[in-house]
Amino acid sequence: MTTAGKVIKCKAAVLWEQKKPFSIEEVEVAPPKAKEVRIKILATGICRTDDHVVEGMWPSKFPVIVGHEAVGIVESIGEGVTTVKPGDKVIPLFLPQCRECKYCRNPDGNLCIMTDLKADGVMSDGTSRFTCKGETIYHFMNISTFTEYTVASEFAVAKIDDAAPSEKICLLGCAFSTGYGAAVKTGKVTPGSTCAVFGLGGVGLSVIMGCKLAGASRIIGIDLNKGKFEKAMAVGATECISPKDFTKPISEVLSEMTGDSVDYTFEVIGHLETMIDAIESCNKNYGTCVLVGIPPSGKKLSCDPMLLLFGRTLKGCIFGGCKSRDVVPKLATDFLAKKFDLDQLITHVLPFKNIQEGFELLNSGKS
């Protein structure tokens, strides 16, 4: 019996309030409305940004279903949907691409006007598609992937090759695309250059992979957790250092290591102190610093303007600066062509019911 046009009851990981564990609940998922699709989620990744919601560092309405890094199958479509059909394998996109707004039309823009920057937690008509125990459950970034079924805008879905393995390709929904794009699209890393990457989590490792693919000759990984060094070296870092091993500022350490020739730095943590470190660590005249990590909501970055006056470039990016619907299908094809390996980004594979364990692994530094 078809489920199209009907409410689907399924399991979802609901956050009822901040700083509380996830609760596996039965939720009702309404059918998609015009220009929307309903997706059966096959696999989802855990991202630090999801944890920011738990800890209150990222704005959100509660109760909410978070998650924004996944792959699934289109179960049904709403009126007017033309770009995907039921049965298509897709990656939901927290950064949509309508292809009509000024950001989408600009060749360097990717912050589509349909992005849920205000964390309203509802679809474009102002309502949610989720309910639980008679209560409205809010969306996260308009895709909410910690659920067996979700609803997203047609403009927030990228069709990919059916052959792409779900438990790996879901990383294109955030981690890999963000890191790879930060290096290749936003940073524009050049062959033979020297790069330094602050933070060796999943996104940081993806930045390293992007730097390597761009032809960087020296890639220095930086993290307090030395347990992450082996993985960083495996994906392309040429050396790794921990600030704990030095008494002087890390910018001075990098300057001495490289003869003051770090071309590109990437901050992939979201800490204000390491953002300043990253800015100070690239060459004062021609260096480029790219901010990738998500900072705590409402915090201000304060630095000496002289850091920029001599020529440094400071840039930021969301989703690596990539136009989501254009880039993600191409990355999926490149993965199938073995142009890069996602295995190194996966430390654990857990059943959905164990999602809380996944966050414990994340916060312990073991994943």
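It should be emphasised that the depicted structure is a prediction, and the values quoted were computed from it without experimental measurement. The analysis underlying the following values was restricted to heavy atoms, covering all of them including side chains, and did not include hydrogens, waters or symmetry mates.
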Partner residues of D263 under the side-chain contact (heavy atoms from CB on, under 4.5 Å) criterion, sequence neighbours left out: S193, T194, Y286
Steps toward side-chain contact (heavy atoms from CB on, under 4.5 Å) verdict (N283, V262): CA-CA 6 Å; N283 183 275; V262 176; 6.0 Å; no
Of all heavy-atom pairs linking C170 and V71, the shortest is CB-N, 3.9 Å
Do S251 and S281 meet the criterion of a side-chain donor-acceptor pair at a distance under 3.5 Å? no
Give the cluster check for L291 versus V184: same hydrophobic cluster or not, with ILVMFWY residues linked at side-chain heavy-atom distances below 4.5 Å. no
On a heavy-atom basis, which atom in A182 and which in V292 lie closest, and how many Å separate them? CB-CG2, 3.7 Å
Does the distance from a Lys or Arg side-chain N to an Asp or Glu carboxylate O, for D120 and K61, drop under 4.0 Å? no
So, Q97 and D326: side-chain donor and acceptor under 3.5 Å apart, yes or no? yes
Would F340 and F176 count as a side-chain contact (heavy atoms from CB on, under 4.5 Å) here? Give the steps. CA-CA 10 Å; F340 55 85; F176 182 78; 3.6 Å; yes
Taking the six-membered ring where the residue is Trp, are the ring centres of F319 and F94 under 6.0 Å apart? yes
Salt bridge (Lys or Arg N to Asp or Glu O under 4.0 Å) partners of residues 286-302, not counting sequence neighbours, each pair once: none
d(L213 CG, D334 CG) to nearest 0.5 Å is 9.0 Å
Please check if any side-chain donor atom of T145 sits under 3.5 Å from a side-chain acceptor atom of E69, or the reverse. no
Is I276 linked to V268 within one hydrophobic cluster, defined over Ile, Leu, Val, Met, Phe, Trp and Tyr using a side-chain heavy-atom separation of less than 4.5 Å? no
Euclidean distance, L336 CG relative to D162 CG, rounded to 0.5 Å: 10.5 Å
Hydrophobic clusters here meaning ILVMFWY residues chained together by side-chain heavy-atom distances under 4.5 Å, can you tell me if F229 and V235 are in one? yes
When you group the ILVMFWY residues by side-chain heavy-atom contacts below 4.5 Å and let the links chain together, are V290 and L307 in the same group? no
CD (E280) and SG (C303) are apart, to the nearest 0.5 Å, by 8.5 Å
Could you walk me through whether I73 and L42 pass the side-chain contact (heavy atoms from CB on, under 4.5 Å) check? CA-CA 7 Å; I73 300 293; L42 301 176; 3.7 Å; yes
Please report the closest heavy-atom contact between F140 and I65, naming both atoms and the distance. CB-O, 3.2 Å
Hydrophobic clusters join Ile, Leu, Val, Met, Phe, Trp and Tyr when side-chain heavy atoms are under 4.5 Å apart, directly or via other members; which others share one with M306? L309, F310
Applying salt bridge (charged side-chain N to carboxylate O under 4.0 Å, His left out) between E25 and each of K133, K9, K11, report the one that passes. K133
Any pair counted as salt bridge (Lys or Arg N to Asp or Glu O under 4.0 Å), so long as it reaches residues 234-250, sequence neighbours left out: R218-E239, K226-D245, K248-E256
Test your reading of the model: is there a side-chain donor-acceptor pair from S177 to the backbone of L172, 3.5 Å cut-off? yes
Can you give me the closest heavy-atom contact between L254 and A196, atom names plus distance? CD1-CB, 4.2 Å
CG of D277 to SG of C282, rounded to nearest 0.5 Å, is 11.5 Å
Following the transitive rule for hydrophobic clusters with a side-chain heavy-atom cut-off under 4.5 Å over Ile, Leu, Val, Met, Phe, Trp and Tyr, establish whether V14 and I41 coincide in one cluster. no
Just by distance, do the side chain of N363 and the backbone of E360 share a donor-acceptor pair under 3.5 Å? no
Tested for salt bridge (charged side-chain N to carboxylate O under 4.0 Å, His left out) against E154, the lone hit among K35, R38, K159 is K35
Identify the residue among K19, R48, K20 that makes a salt bridge (charged side-chain N to carboxylate O under 4.0 Å, His left out) with E55. K19
Taking atom OG of S76 and atom CD of E36, what is their separation to the nearest 0.5 Å? 10.0 Å
Rounded to the nearest 0.5 Å, what's the gap from CG on D116 to CE on M123? Could you check? 10.0 Å
Side-chain donor-acceptor contact under 3.5 Å, K89 with S166: yes
Does OH in Y180 sit with more than 12 non-hydrogen atoms of other residues, nucleotides or ligands closer than 6.0 Å? no
Sub-3.5 Å donor-acceptor pair from the side chain of S364 to the main-chain atoms of L361, do we have one? yes
How far apart are the closest heavy atoms of T186 and G316, and which atoms are they? CG2-O, 3.9 Å
Run the side-chain contact (heavy atoms from CB on, under 4.5 Å) test against C10 and tell me which residues pass, sequence neighbours left out. I8, V27, V29, T147, E148, Y149
Throw together a table of side-chain donor-acceptor distances under 3.5 angstrom for residues 342-356, partners on residues two or more places apart or in other chains.
residue : atom : partner : partner atom : Å
D343    : OD1  : K168    : NZ           : 2.9
Q356    : OE1  : F22     : N            : 2.8

Between F62 and L15 the two heavy atoms that sit nearest each other are CD2-O, 3.5 Å
Polar contact flag, side-chain donor to acceptor under 3.5 angstrom, R129-T127: yes
Using 30° and 60° as the class limits, which term best fits the ring planes of F130 and H139: parallel, tilted or perpendicular? tilted
With a 3.5 Å distance limit and no angle check, can you tell me whether T115 reaches the backbone of L95 through a side-chain donor-acceptor pair? no
S23 and W16: side-chain contact (heavy atoms from CB on, under 4.5 Å), yes or no, with the steps? CA-CA 8 Å; S23 178; W16 291 100; 3.8 Å; yes
Check whether the side chains of T274 and E267 place a donor and an acceptor atom closer than 3.5 Å, and report yes or no. yes
